[in-house]
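Report on one structure; see the data block that follows.
These numbers were taken from a predicted model, which means no experiment stands behind them. We use all heavy atoms of the structure for the numbers below, so side chains are in, but hydrogens, waters and symmetry mates are not.
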Amino acid sequence: MSSDRAELTRRLLDLAREWSTETVMFHTAIAEASGLSATDVKAMDYIARLGPLTAKELAKHSSLAPASVTALIDRLERKGLVLRKPHPGDRRKVLVEFNGEFAKAAPPFWGGLIDESVEYFAGLSVEQLETIADFVVAATGITRRAKEQVPIMSTKDSRKNLP
């Protein structure tokens, strides 16, 4: 690998790390402003984007331990953010669905981010947008696979890994 390419690769990795941190902190700020945890907010995103999910499906997507998902769903349901509904194809299962009434009442945290992104994208060529889209798809897959490599532990077990 040429030194210019290696330097650019290092720069891209540093920039991706910075972007990731700012994204996590943005979601954390939204969560705190909403009286939720960042995990609660992201679990709700899975449910809102993917549609109603069983607890097992939510655990698979999030890589959270099943017991953690049950507690999470209980918290979200108590706050009226999700609804439990019978599974139409299997009476033994329950689906968790996003409560659309919550979305109507929630403050518009995303407006500025979306507006500024659309404005930035308007100045790019179709080819540039395609390259960015390809990068985001690849980066999402890389991150998902890395997340899946992290072992699922109970809260008690995870404390053993602290210094």
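- A centroid separation of 6.0 Å or more is found between the aromatic rings of Phe26 and Trp19.
- In this structure, Val96 and Thr54 have side chains that are not in contact, with every pair of non-hydrogen atoms separated by 4.5 Å or more.
- The shortest side-chain heavy-atom distance between Glu148 and Arg144 falls under the 4.5 Å cut-off.
- Panel note: side chain Ser63, backbone Ala59; no donor-acceptor pair is recorded below 3.5 Å.
- Side-chain atoms of Ser20 never come within 3.5 Å of backbone atoms of Ala16 as a donor-acceptor pair (strictly under, hydrogens ignored).
- Taking all atoms of both residues into account, the shortest heavy-atom contact from Ala38 to Ala31 is N-CB, 3.6 Å.
- Within the 4.5 Å cutoff, no side-chain heavy atoms of Leu8 are placed close to those of Arg5.
- Within the 4.5 Å cutoff, the side chain of Asp90 has heavy atoms near those of the His87 side chain.
- Considering Val137, Thr143, Val136 in turn, Val136 is the only one that fulfils the side-chain contact (heavy atoms from CB on, under 4.5 Å) rule with Thr140.
- Between Lys147 and Tyr46 the shortest heavy-atom distance is NZ-OH, 3.4 Å.
- A pairwise comparison of heavy atoms in Gly80 and Asn99 identifies O-ND2, 2.7 Å as the closest pair.
- Within a 6.0 Å sphere centred on CZ of Arg91, other residues, nucleotides and ligands contribute 12 heavy atoms or fewer.
- Taking a 6.0 Å sphere around NZ of Lys85, one finds it holds 12 or fewer heavy atoms contributed by other residues, nucleotides or ligands.
- By the criterion of side-chain heavy atoms lying less than 4.5 angstrom apart, applied directly or through intervening Ile, Leu, Val, Met, Phe, Trp or Tyr residues, Leu58 is not grouped with Leu83; the two fall into different hydrophobic clusters.
- A distance of 12.0 Å separates CG of Leu13 from CZ of Arg11, quoted to the nearest 0.5 Å.
- At least one side-chain heavy atom of Met44 sits less than 4.5 Å from a side-chain heavy atom of Leu76.
- Side-chain contact between Glu97 and Leu95 is absent, with no heavy-atom pair separated by less than 4.5 Å.
- The backbone N or O of Leu36 lies less than 3.5 Å from no partner atom in the side chain of Ser34, so there is not a single donor-acceptor pair.
- For the pair Ile114/Val118, a side-chain contact is recorded, criterion being any heavy-atom separation below 4.5 Å from C-beta on.
- Note on Asp74 versus Lys79: no salt bridge recorded, every NZ/NE/NH1/NH2 to OD/OE distance being 4.0 Å or above.
- Considering only heavy atoms from C-beta on, Ser68 stays 4.5 Å or farther from Thr39 through its side chain.
- Proximity of a side-chain donor or acceptor of Lys42 to a complementary backbone N or O of His27 within less than 3.5 Å is not detected.
- A donor-acceptor contact shorter than 3.5 Å is absent between the side chain of Glu32 and the backbone of Ala29.
- Among all heavy-atom pairs drawn from Ala55 and Ile73, the shortest one is CB-CD1, 3.8 Å.
- Looking at Asp40 and Ser37, their side chains do bring a donor and an acceptor atom within 3.5 Å of each other.
- Linking ILVMFWY side-chain heavy atoms closer than 4.5 Å, directly or via other members, places Leu50 and Phe98 in a single hydrophobic cluster.
- Between Glu7 and Arg10 there is a salt bridge, with a side-chain nitrogen of the basic residue lying less than 4.0 Å from a carboxylate oxygen of the acidic one.
- Follow the hydrophobic side-chain contacts under 4.5 Å out from Leu64 and you never reach Val150; the two are in separate clusters.
- Ser62 contributes atom OG, which lies 9.5 Å from atom CG of Leu53 (distance to the nearest 0.5 angstrom).
- Residues Leu124 and Phe135 share a single hydrophobic cluster, defined by chaining ILVMFWY side chains whose heavy atoms lie under 4.5 Å apart.
- Hydrophobic clustering (ILVMFWY, side-chain heavy atoms < 4.5 Å, transitive): Leu113 and Ile30 are in one cluster.
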